[in-house]
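Lettering follows sequence order; numbering is per chain, from 1.
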Protein chains: 2
Amino acid sequence: MKEFSEYLVELKNLIKKRGLKHSAQRELILKILFHAKEHLSPEDIYNQVKKINPAIGLATVYRTLSFLEKEGMVDSVSFGAEGKRYELNRGEHHDHIICLECGKIIEFYNEELERLQEKIATGCGFKLITHQLNLYGLCKECQKDD
Amino acid sequence: MKEFSEYLVELKNLIKKRGLKHSAQRELILKILFHAKEHLSPEDIYNQVKKINPAIGLATVYRTLSFLEKEGMVDSVSFGAEGKRYELNRGEHHDHIICLECGKIIEFYNEELERLQEKIATGCGFKLITHQLNLYGLCKECQKDD
DNA sequence: TTATGTGCAAACTCTTTGCATTACC
DNA sequence: GGTAATGCAAAGAGTTTGCACATAA
């Protein structure tokens, strides 16, 4: 598993390559994403960031997330209505299965599924670039409650 | 292929069952969805509705779409960032493949894919209720432009 | 030194809500 | 006649933008 320092180097290289400047804010946001155990909303990130540096602005969080997403260092996912959430791109693509009752999210990866999608896209004349698949259902615990 | 009158009957039955009241607005919005060739945003629907009845309010469009979606008569999909879009539920589930260049959307259905998703959900201990799969890529025409 | 990044506040977009009025049953 | 639906406008939530100032290179 990649360490934070490796992601940091990646970020710094990226910034240099684009002729931009490093900042403590970007590093901090990257660190929060690295340590996140779940998918974070901009607001979530903002709240965590403020604990360490109360002066930071929400706009910086949005700008940084847009930047990181455009550069491919983070991925965004949206479940249902509640806006986009972000996760660090750890190089292992996965999809999500979401419990409609309790909101629990499980990540999964299925090789066969990936191949099938590729086949479908090709069949439609498309060159597949990416995809988002969300399965919605009831988790084991919430099935009992009915 | 089901005719509009059949959807209208379905809507009226639904309204009766819930102890609610029919309205020309709801009927009009249903009709617009029925004739739509693509996925419509609330704003799209509002603009079409206004041509026929300029007095109608955007809030009514939102309220009607929420109602129809909750009752399963329409489905919503979201592609990328641009908010939810709506389509009439014609009883044939399908997924979408979207061209990142020109925005073209193709609908497809794949039995094997459906089965596989069911299997994955079960494997995670979930009871699958629904899903949304969007494939993103370049369509045949846009591949040439590169 | 100079261009980029930031914080703040205002602006914007999309959606929801409260309320008086209208329309269905 | 009574209740639900509507239109309007205002309020909310989430996100973006302009600008003066701070800061990395």
Side-chain angles (χ1 to χ4, degrees), chain A residues 8-9 11-32 39-71 73-74 76-86, chain B residues 8-9 11-32 39-71 73-74 76-86:
Chain A
L8 187 53
V9 168
L11 175 63
K12 287 183 174 173
N13 287 339
L14 195 57
I15 286 172
K16 191 176 293 178
K17 196 168 75 181
R18 297 273 178 270
L20 303 177
K21 290 172 185 168
H22 185 69
S23 77
Q25 288 87 334
R26 286 179 176 160
E27 182 168 336
L28 179 52
I29 291 168
L30 184 69
K31 185 175 280 179
I32 285 169
H39 307 77
L40 302 179
S41 68
E43 198 72 30
D44 292 335
I45 295 170
Y46 177 55
N47 289 330
Q48 290 197 42
V49 151
K50 268 199 304 193
K51 286 181 198 159
I52 295 162
N53 175 0
I56 209 164
L58 181 54
T60 296
V61 175
Y62 276 100
R63 283 188 282 232
T64 301
L65 289 172
S66 299
F67 171 70
L68 292 174
E69 183 177 18
K70 181 164 59 71
E71 298 294 346
M73 284 198 68
V74 311
S76 71
V77 282
S78 40
F79 309 117
E82 339 95 22
K84 286 210 272 188
R85 295 182 163 267
Y86 294 84
Chain B
L8 187 53
V9 168
L11 175 62
K12 286 182 174 172
N13 287 340
L14 195 58
I15 286 172
K16 191 177 294 176
K17 197 168 76 181
R18 298 272 178 270
L20 305 177
K21 290 171 183 168
H22 186 70
S23 76
Q25 288 87 335
R26 298 217 254 235
E27 181 168 337
L28 180 52
I29 290 167
L30 184 70
K31 185 176 279 179
I32 285 168
H39 307 78
L40 301 178
S41 68
E43 197 72 29
D44 292 335
I45 295 170
Y46 178 57
N47 289 330
Q48 290 196 43
V49 151
K50 269 199 302 191
K51 288 182 196 159
I52 295 162
N53 176 359
I56 210 165
L58 182 53
T60 297
V61 175
Y62 275 100
R63 284 188 281 232
T64 301
L65 289 172
S66 299
F67 171 71
L68 293 174
E69 183 176 19
K70 180 164 58 71
E71 297 293 346
M73 284 198 68
V74 311
S76 70
V77 282
S78 40
F79 310 118
E82 338 97 19
K84 286 209 272 188
R85 295 182 162 266
Y86 294 84

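OP1 or OP2 of C:dT15 has at least one side-chain nitrogen or oxygen of B:Tyr62 nearer than 4.0 Å. For B:Arg26 and D:dA5, the shortest distance from a side-chain N or O to OP1 or OP2 is below 4.0 Å. The side chain of B:Ser23 places no N or O atom within less than 4.0 Å of a non-bridging phosphate oxygen (OP1 or OP2) of C:dA23. The phosphate of D:dG7 (OP1 or OP2) has a side-chain N or O of B:Gln25 nearer than 4.0 angstrom.
The listed nucleotides are D:dT17, D:dT6, D:dT15; the one nearest the side chain of B:Thr60 is D:dT6. Here the nucleotide nearest the side chain of A:Ile56, chosen from C:dG7, D:dT6, C:dG5, is C:dG7. Nearest to the side chain of A:Arg63, among D:dG7, D:dG18, C:dA3, sits D:dG18.
We find that OH of A:Tyr46 is positioned 14 Å from P of D:dT15, with the value rounded to whole Å. Counting to the nearest Å, the P atom of C:dT16 and the CD atom of B:Glu43 are 14 Å from each other. A:Leu20 has its CG atom 14 Å from the C1' atom of C:dT6, to the nearest Å. We find that CG of B:Leu58 is positioned 11 Å from P of D:dC8, with the value rounded to whole Å. With rounding to whole Å, A:Asn53 atom CG is found 14 Å from D:dT23 atom C1'. The NZ-P distance, from A:Lys50 to C:dT6, rounds to 17 Å in whole Å. To the nearest angstrom, C1' of D:dG7 lies 15 Å from CG of B:Leu28. Remark: P of C:dC24 and CD1 of B:Ile15 are 12 Å apart, rounded to the nearest angstrom.
Taking each heavy atom of A:Tyr46 and A:Gly57 in turn, the nearest pair found is CE1-C, 3.7 Å. Between A:Ile29 and A:Thr60, the closest heavy-atom pair is CD1-O, 4.2 Å. The two residues A:Ile32 and A:Leu40 come nearest to each other via the heavy atoms CG2-CD1, 3.8 Å.
B:Ser76 and B:Glu69 are linked by a side-chain donor-acceptor pair at a separation below 3.5 angstrom, with hydrogens and angles left out of the test.
Residue A:Gly19 is the one, among A:Ala59 and A:Gly19, whose nearest nucleotide of DNA chain C lies closer to the 5' end (criterion: closest heavy atom). For the pair B:Ala24 and A:His22, both in contact range of DNA chain D, the more 5′-proximal nearest nucleotide belongs to B:Ala24.
Remark: the backbone N or O of B:Lys12 is not paired with any side-chain donor or acceptor of B:Arg26 at under 3.5 angstrom.
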